[in-house]
**Student:** 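Right, I'll just put the structure down here and ask away after.
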Amino acid sequence: MAWLISGGIVLFALVLLAIVAAKAAGSLRRFGIAAASLQRRLLDGQHRVEPHLAQLQTTVEAMQPRLTDLQDKALVLQARRGAEENS
């Protein structure tokens, strides 16, 4: 009689474990699908942004000499103003 009760408990536990494992597997599958979808969207966004970033980098590189020249002129003007104030 004890074997029958313990066997029933073990069988119930195994059925419960199978149900929980099936639900967990379903959740993991949905998570995998969502992760793959987000990864595709991320890669798509990256491919869309890359040409704009390259164009921006080219623009910055083209502006760099002019900005350096303007910075040098600003330093010269500051030095002149400082020399005029000290006179």
Side-chain angles (χ1 to χ4, degrees):
M1 183 71 179
W3 286 100
L4 187 61
I5 294 172
S6 61
I9 291 172
V10 169
L11 182 63
F12 176 72
L14 288 175
V15 169
L16 188 63
L17 178 65
I19 291 170
V20 170
K23 286 187 178 188
S27 295
L28 287 175
R29 189 175 74 80
R30 284 194 308 272
F31 175 74
I33 291 169
S37 173
L38 290 173
Q39 183 68 25
R40 274 194 309 275
R41 289 175 63 189
L42 179 65
L43 290 174
D44 181 49
Q46 179 182 356
H47 290 306
R48 289 182 184 194
V49 168
E50 282 177 350
H52 299 289
L53 288 177
Q55 183 181 7
L56 183 61
Q57 180 68 30
T58 303
T59 303
V60 168
E61 289 172 356
M63 291 176 67
Q64 189 64 38
R66 184 169 183 227
L67 292 174
T68 304
D69 185 45
L70 288 173
Q71 185 179 16
D72 292 342
K73 287 180 182 179
L75 289 173
V76 169
L77 286 174
Q78 276 184 334
R80 285 185 188 166
R81 286 182 187 161
E84 288 174 2
E85 290 177 4
N86 290 337
S87 298

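Sequence positions, counted from 1, serve as the residue numbers for this chain. All values reported here derive from a predicted model rather than from experimental measurement. Only heavy atoms go into these numbers, but all of them, side chains included; no hydrogens, no water, no symmetry mates.
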**Student:** Listed by chain and number, what are the side chain to side chain donor-acceptor pair (under 3.5 Å) partners of Asp72, not counting sequence neighbours?
**Tutor:**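 In terms of side chain to side chain donor-acceptor pair (under 3.5 Å), with neighbours along the sequence ignored, Asp72 is linked to no residue.
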**Student:** Run the side-chain donor-acceptor check on residues 12-40: report pairs under 3.5 Å with partners two or more places apart or on a different chain.
**Tutor:**
{"unit_1": "Ser27", "atom_1": "OG", "unit_2": "Lys23", "atom_2": "O", "d": "3.2"}
{"unit_1": "Ser27", "atom_1": "OG", "unit_2": "Arg30", "atom_2": "NH2", "d": "3.4"}

**Student:** Could you state the interatomic distance from OG1 (Thr68) to CE (Met63), rounded to the nearest 0.5 Å?
**Tutor:**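 One gets 11.0 Å once the value is rounded to the nearest 0.5 Å.
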**Student:** Return the set of residues passing side chain to side chain donor-acceptor pair (under 3.5 Å) with Gln57 (not counting sequence neighbours), or none when no residue passes.
**Tutor:**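 So Gln57 forms a side chain to side chain donor-acceptor pair (under 3.5 Å) with Glu61.
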**Student:** For residues 44-56, dump all side-chain donor-acceptor pairs below 3.5 Å to protein atoms at least two apart in sequence or in another chain.
**Tutor:**
{"unit_1": "Asp44", "atom_1": "OD2", "unit_2": "Arg48", "atom_2": "NE", "d": "3.3"}
{"unit_1": "Asp44", "atom_1": "OD2", "unit_2": "Arg48", "atom_2": "NH2", "d": "3.4"}
{"unit_1": "Gln46", "atom_1": "NE2", "unit_2": "Glu50", "atom_2": "OE2", "d": "3.1"}

**Student:** My understanding is that a hydrophobic cluster links ILVMFWY residues whose side chain heavy atoms are under 4.5 Å apart, including indirect links. Using that, what else belongs to the cluster containing Leu70?
**Tutor:**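 Its cluster partners, ordered by chain and number, are none at all.
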